[in-house]
Amino acid sequence: MSQIVTRFAPSPTGFLHIGGARTALFSWLLARSQGGRFLLRIEDTDRKRSTQEAIDAIIDAMQWLGLDHDGEIYFQSKRALRHNEVIDQLIASGHAYWCNCSKEQVDAMRETAKAAGKKPKYDGTCREKGLDASCGGVVRFKTPLVGMISYTDLVKGTSSVHYQELDDLILRRSDGNPTYNLAVVVDDHDMGVTHVLRGDDHVNNTFRQIPLYRAMNWDVPQFGHVPMILGSDKKKLSKRHGALSVMEYEKMGFLPDAVANYLARLGWSHGDQEILSREELIQNFSTQHLSSSPSVFDIQKLEWFSGQYMQSAEPKFLVQELLKLLAIELPPLTKTRLEAAMPLLQPRAKHLIDLLEQSRFFIVEPEALSYEQSAVEKFLNAQSTSLLNELFLQLQNIKDWNEEAIEQCLRAFIENKDLKFKALAQPVRVAVTGSTKSPGLFETLFVLGQEQTLKRLKYAVQKFGE
RNA sequence: GACCCCAUCGUCUAGCCUGGCCUAGGACGUCGGCCUUUCACGCCGGUAACGGGGGUUCAAAUCCCCCUGGGGUCGCCA
């Protein structure tokens, strides 16, 4: 069997939203899973609405998600000559004709059809008129009059529609430019695309496009239409409720692998397995398990995925991402400390932003620590600070700073004072981290290091004591 | 309006093609418990679904028909 070729063909009229990203992901997965090629084509024929910013945004987003395409990027706008060449062939072979019906006339036809309880469409007035380029009109495709067109969708199965339902669609506008449906067919053919995975909203175009392939005697690719993604209100995801750019998810601190995994599992399944690495995704992807019904986007589940990825990530990698986010350099020692802190923080973070916030106290000097008001009020009073003062002396005596030694020291301390562990733990925690919430105390102190721990205790005692 | 598509827990889904192993499984969420120095993580347990009606069959979530509900498309936009 020959190599399969898939493509993603966005129109650059805005950022790449989550729905488009998922479609791209599926196409990418299909190609990668079969050792095929994944191409990128920018459908920029609508010059008024296409922007360079949008093109860049789409490319950035795909790169972030790890969807690498093969070969050069195709720009549909650069292919107008070829499109017109095909249109001319279609006219020459009798599959297309010139039409100079005015917009008003066509509108009237549609009204008439609609009034008769039929599908509004052009009635074929100019079909046999034998008009030529001099008419200054458009070129229409001669849709077969009888019979039906059917195809088997990769995700929805076989479906068909009567040719009578179809319009004689316009291939070339009166300004000489090719239309979308023509351009797509020509490009997909020229690019050697064998499998077209695209949004649900294109199913009806498929019935129009297949006859074009046939008229040109071209191989018809396989089509698969993936259902759209809905908002929590079950309405199509719109800018109003959560149709965010995939780059927004980066800003929220999600790891690209987590987003890709979530997206893949939204509308596709591999048994009961939720977490799939990129390799597993590639290995197991198949259009057979694509769902044929729409799915609701659930940020809570994305967060869960993300949390899983945070937990299994490499500390080094996380630190690197954190520093990118902070856009700062850290002194080597602090960086090492931060890296040591990662395993403590990972189970507590849903995404990089969480991690960033929670790791802050590990890398700043005591003076820069932000103490939570309520935590201080509750745990750092005259009594507890004097306790901390005493503890300071004990901790100072530890020769070999490790978790066991710290634990021993603290336990001995409370035993001596006949205190509950909690009575000491929370004040220490607040003094050292600024918050009542933190990883385990011993491991926190250990990672912080003796010097920092002592510095912080001292600082807190001075600041909040008396 | 016409045409096309879709329909399992609140959500993502397994199962449907090749009926019985489904008193419908997993995951997120949620609720309860355990763990515990806080917060998480983790663990254990509970909650909750085959849209309705007809068939076919010994047997239907699975096959067929109808209904209902939802969505998509009907552009010299893509």
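Each chain gets a letter, A, B and so on, in the order the sequences are listed, and its residues count up from 1. Not measured: the values here are computed from a predicted model.
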Engineer: Does B:C34 have a Watson-Crick or wobble mate here (both distances under 3.5 Å), and if so which one?
Structural biologist: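 Paired with B:G42.
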Engineer: B:C76 base to A:Ser174 side chain: any donor-acceptor pair below 3.5 Å?
Structural biologist: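 Indeed there is one.
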Engineer: Given atom CG of A:Asn205 and atom P of B:C3, what is their separation to the nearest angstrom?
Structural biologist: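 Whole-Å distance recorded here is 19 Å.
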Engineer: Go nucleotide by nucleotide along RNA chain B from the 5' end; which of A:Ile170 and A:Ser159 gets its closest nucleotide reached first?
Structural biologist: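 Closest to the 5' end, via its nearest nucleotide, is A:Ser159.
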Engineer: Checking all strands, does A:Gln273 fall into the base, sugar-phosphate, or nothing category for heavy-atom contacts under 4.0 angstrom?
Structural biologist: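 Nothing, no nucleic acid heavy atom in range.
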Engineer: Under 4.0 Å between any heavy atoms, over every strand shown, what does A:Lys420 touch: base, sugar-phosphate, or nothing? Just pick one.
Structural biologist: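 Counting heavy atoms under 4.0 Å across all strands, no contact is made by A:Lys420.
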Engineer: Inspect the contact between A:Arg110 and A:Asp167 and indicate whether a charged nitrogen and a carboxylate oxygen are less than 4.0 angstrom apart.
Structural biologist: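 The answer is yes: the pair qualifies as a salt bridge.
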Engineer: Considering only NZ, NE, NH1 and NH2 on the basic side and carboxylate oxygens on the acidic side, decide whether A:Arg79 and A:Asp190 come within less than 4.0 Å.
Structural biologist: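 Salt bridge flag = yes for A:Asp190 with A:Arg79.
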Engineer: Please tell me which of the listed nucleotides, B:C12, B:A78, B:G72, lies nearest to the side chain of A:Asn204?
Structural biologist: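 The listed nucleotide nearest to A:Asn204's side chain is B:G72.
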Engineer: Could you tell me if the side chain of A:Cys126 sits less than 4.5 Å from the side chain of A:Tyr97, heavy atoms only?
Structural biologist: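 They are in contact (side-chain heavy atoms under 4.5 Å apart), so the answer is yes.
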Engineer: Using a 4.0 Å heavy-atom cut-off across all strands, classify A:Ser269 as base, sugar-phosphate, or nothing.
Structural biologist: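 If one applies the 4.0 Å heavy-atom cut-off, A:Ser269 turns out to touch the sugar-phosphate alone, with no base involved.
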Engineer: With C1' as the reference atom in both, quote the distance from B:C12 to B:A59 in angstrom, rounded to an integer.
Structural biologist: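 Looking at atom C1' only, B:C12 and B:A59 are 31 Å apart.
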Engineer: Under 4.0 Å, heavy atoms only, any strand: does A:Arg110 hit a base, just the sugar-phosphate, or nothing?
Structural biologist: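 The residue A:Arg110 makes sugar-phosphate contact but no base contact.
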Engineer: Taking only the C1' atom of each, what is the distance from B:A7 to B:C16 in whole angstrom?
Structural biologist: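 Each nucleotide's C1' atom is 13 Å from the other's.
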Engineer: Taking any heavy-atom pair under 4.0 Å as a contact, classify A:Leu441: base, sugar-phosphate, or nothing.
Structural biologist: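 Base, at least one base heavy atom under 4.0 Å.
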Engineer: Which value, in whole Å, describes the distance between the C1' atoms of nucleotides B:A48 and B:U8?
Structural biologist: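 One C1' to the other, the span is 12 Å.
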Engineer: Closest approach of A:Arg278 and A:Ala260, non-hydrogen atoms and distance?
Structural biologist: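 Scanning both residues completely, I find the closest heavy atoms to be NH2-CB, 3.5 Å.
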Engineer: Determine: side-chain N/O of A:Arg208 to OP1/OP2 of B:A78, distance under 4.0 Å, yes or no.
Structural biologist: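 Indeed not, no polar side-chain atom of A:Arg208 lies that close.
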Engineer: If B:U23 has a Watson-Crick or G-U wobble mate with both distances under 3.5 Å, name it; if not, just say none.
Structural biologist: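 The base-pairing partner of B:U23, which may sit in any strand shown, does not exist here.
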Engineer: Taking atom C1' of B:C12 as reference, at what distance in whole Å does atom CZ of A:Arg22 sit?
Structural biologist: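 From A:Arg22 CZ to B:C12 C1': 11 Å.
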Engineer: At under 4.0 Å between heavy atoms, what does A:His202 touch on the DNA or RNA strands: base, sugar-phosphate, or nothing?
Structural biologist: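 It contacts base atoms.
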Engineer: Centre of A:Phe421's six-membered ring, under 6.0 Å away, within 45 degrees of the axis: is that where NZ or CZ of A:Arg411 sits?
Structural biologist: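 Yes, A:Arg411 sits over the ring of A:Phe421.
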Engineer: Round to a whole Å and report the spacing from CD of A:Gln311 to P of B:A40.
Structural biologist: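 Answer to the nearest Å: 14 Å.
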Engineer: Reckon A:Pro227 touches a base, only the sugar-phosphate, or nothing at all at heavy-atom distances under 4.0 Å?
Structural biologist: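 Answer is nothing: A:Pro227 stays at 4.0 Å or more from every strand.
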Engineer: Please compare A:Glu165 and A:Asp44 by the position of their nearest nucleotide in RNA chain B and report the one closer to 5'.
Structural biologist: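 It is A:Glu165, whose closest nucleotide lies nearer the 5' terminus.
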Engineer: Taking NZ, NE, NH1 and NH2 as the nitrogens, is one of them in A:Arg172 or A:Asp88 under 4.0 Å from a carboxylate oxygen of the other?
Structural biologist: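 Looking at A:Arg172 and A:Asp88, the cut-off is met.
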Engineer: If we take the P atom in both B:A24 and B:G33, what is their distance in whole Å?
Structural biologist: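 So the two P atoms sit 27 Å from each other.
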Engineer: Answer yes or no on whether A:Arg265 is positioned over the face of A:Phe305, meaning its NZ or CZ is under 6.0 Å from the six-membered ring centre and within 45° of the axis.
Structural biologist: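 Not flagged: A:Arg265 not positioned over aromatic ring of A:Phe305.
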Engineer: With a 4.0 Å cut-off on heavy atoms, is A:Val296 in touch with a base, just the backbone sugar-phosphate, or nothing at all?
Structural biologist: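 Since only primed, P, OP1 and OP2 atoms lie under 4.0 Å of A:Val296, the category is sugar-phosphate.
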Engineer: With a 3.5 Å limit on both atom pairs, tell me what B:A59 is paired to, counting Watson-Crick and G-U wobble, or say none.
Structural biologist: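 No nucleotide pairs with B:A59.
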Engineer: Could you check whether A:Phe442 gets within reach of a base, just the sugar-phosphate, or nothing at all, counting any heavy atom under 4.0 Å?
Structural biologist: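 Answer is base: heavy atoms of A:Phe442 come under 4.0 Å of a base.
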Engineer: A:Lys301 side chain: which of B:U13, B:C76, B:C28 is closest?
Structural biologist: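 It is B:C28.
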Engineer: Can you see if the side chain of A:Lys234 gets near the phosphate of B:U11 - specifically, an N or O under 4.0 Å from OP1 or OP2?
Structural biologist: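 Answer is yes, contact under 4.0 Å.
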Engineer: When the C1' atoms of B:C22 and B:U13 are compared, how many Å lie between them, rounded to an integer?
Structural biologist: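 Those two atoms are separated by 16 Å.
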Engineer: How is A:Glu274 classified with respect to the nucleic acid when contacts are heavy atoms under 4.0 Å: base, sugar-phosphate, or nothing?
Structural biologist: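 Contact class for A:Glu274: base.
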Engineer: Would you say a side-chain N or O of A:Thr13 is under 4.0 Å from OP1 or OP2 of B:C77?
Structural biologist: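 No.
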Engineer: Rounding to the closest angstrom, what is the interatomic distance between B:C64 and B:C28 at atom C1'?
Structural biologist: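 About 36 Å, rounded to a whole number of Å.
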Engineer: May I ask which nucleotide in the shown strands pairs with B:G75, Watson-Crick or G-U wobble, both distances under 3.5 Å?
Structural biologist: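 For B:G75, the partner nucleotide comes out as none, under the 3.5 Å rule.
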Engineer: Is the distance from the ring center of A:Phe8 to that of A:Phe26 below 6.0 Å?
Structural biologist: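 Not close enough - the centres of the two rings lie 6.0 Å or further apart.
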Engineer: Report the distance from atom NE2 of A:His289 to atom C1' of B:A14, rounded to the nearest whole Å.
Structural biologist: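 Distance check: A:His289 NE2 to B:A14 C1' gives 9 Å.
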Engineer: Please name the nucleotide paired to B:C17 by Watson-Crick or G-U wobble geometry with both distances under 3.5 Å, or report none.
Structural biologist: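 Because no pair has both required distances under 3.5 Å, B:C17 counts as unpaired.
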Engineer: Can you tell me which nucleotide in B:U38, B:G71, B:G26 comes closest to the side chain of A:Gln426?
Structural biologist: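 Among the listed nucleotides, the one closest to the side chain of A:Gln426 is B:U38.
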Engineer: Check the side chains of A:Thr179 and A:Asn181 for a donor-acceptor pair under 3.5 angstrom, ignoring hydrogens and angles.
Structural biologist: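 Distance-only check fails for A:Asn181 and A:Thr179.
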Engineer: Can you check the distance between B:C76 and B:C67, where both ends of the measurement are the P atom (answer in whole Å)?
Structural biologist: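 Pairwise P distance, B:C76 against B:C67, rounds to 33 Å.
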Engineer: Identify whether any heavy atom of A:Ser435 sits under 4.0 Å from a base atom; if not, whether one sits that close to sugar-phosphate; answer base, sugar-phosphate or nothing.
Structural biologist: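 Counting heavy atoms under 4.0 Å across all strands, no contact is made by A:Ser435.
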Engineer: Hey, does A:Ser438 reach any base, or is it just sugar-phosphate, or nothing, if we go heavy atoms under 4.0 Å?
Structural biologist: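 Base, at least one base heavy atom under 4.0 Å.
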Engineer: Would you confirm whether the ring centroid of A:Phe254 sits within less than 6.0 angstrom of the ring centroid of A:Tyr262?
Structural biologist: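 Ring-ring flag for A:Tyr262/A:Phe254: false, centres at least 6.0 Å apart.
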Engineer: Contact class for A:Glu443 vs. all strands (heavy atom < 4.0 Å): base, sugar-phosphate, or nothing?
Structural biologist: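 Nothing: the residue A:Glu443, judged by heavy atoms under 4.0 Å, touches no strand.
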Engineer: Looking only at side-chain atoms of A:Arg429, point me to the closest of B:U38, B:A78, B:C6.
Structural biologist: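 The nucleotide sitting nearest to the side chain is B:U38.
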Engineer: Assess whether one donor atom and one acceptor atom, taken from the side chain of A:Arg348 and the base of B:C39, lie less than 3.5 Å apart.
Structural biologist: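 Indeed, a donor on one side and an acceptor on the other fall under 3.5 Å apart.
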Engineer: Counting the atoms with a prime plus P, OP1 and OP2 as sugar-phosphate, which does A:Gly307 contact under 4.0 Å by heavy atoms, base, sugar-phosphate, or nothing?
Structural biologist: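 The residue A:Gly307 makes no contact with any strand.
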Engineer: Where the side chain of A:Asp167 is defined as all heavy atoms beyond and including C-beta, which of B:G1, B:G75, B:U38 is the nearest nucleotide?
Structural biologist: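 That would be B:G75.
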Engineer: In this structure, how many angstroms lie between the C1' atom of B:U11 and the CH2 atom of A:Trp268, rounded?
Structural biologist: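 Atom-to-atom, A:Trp268 to B:U11, this comes out as 19 Å.
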Engineer: Please report the distance, rounded to the nearest Å, between CG in A:Leu266 and P in B:G26.
Structural biologist: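 About 21 Å, once rounded to whole Å.
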Engineer: So does A:Asp272 reach the base of B:G25 with its side chain, donor to acceptor, closer than 3.5 Å?
Structural biologist: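 In this structure, the two groups form a donor-acceptor pair.
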Engineer: Does a side-chain N or O from A:Ser292 land closer than 4.0 Å to OP1 or OP2 of B:A7, or not?
Structural biologist: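 So the side-chain polar atoms of A:Ser292 do come within 4.0 Å of the phosphate oxygens OP1 or OP2 of B:A7, strictly under.
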Engineer: Would you kindly give the CE-to-P distance between A:Met109 and B:C76, to the nearest whole Å?
Structural biologist: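 Distance check: A:Met109 CE to B:C76 P gives 12 Å.
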Engineer: B:C3 C1' sits how many Å from A:Asp201 CG, rounded?
Structural biologist: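 From A:Asp201 CG to B:C3 C1': 16 Å.
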Engineer: Would you measure the distance from the C1' atom in B:C41 across to the matching atom in B:U36 and give it in whole Å?
Structural biologist: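 The answer is 12 Å between these two C1' atoms.
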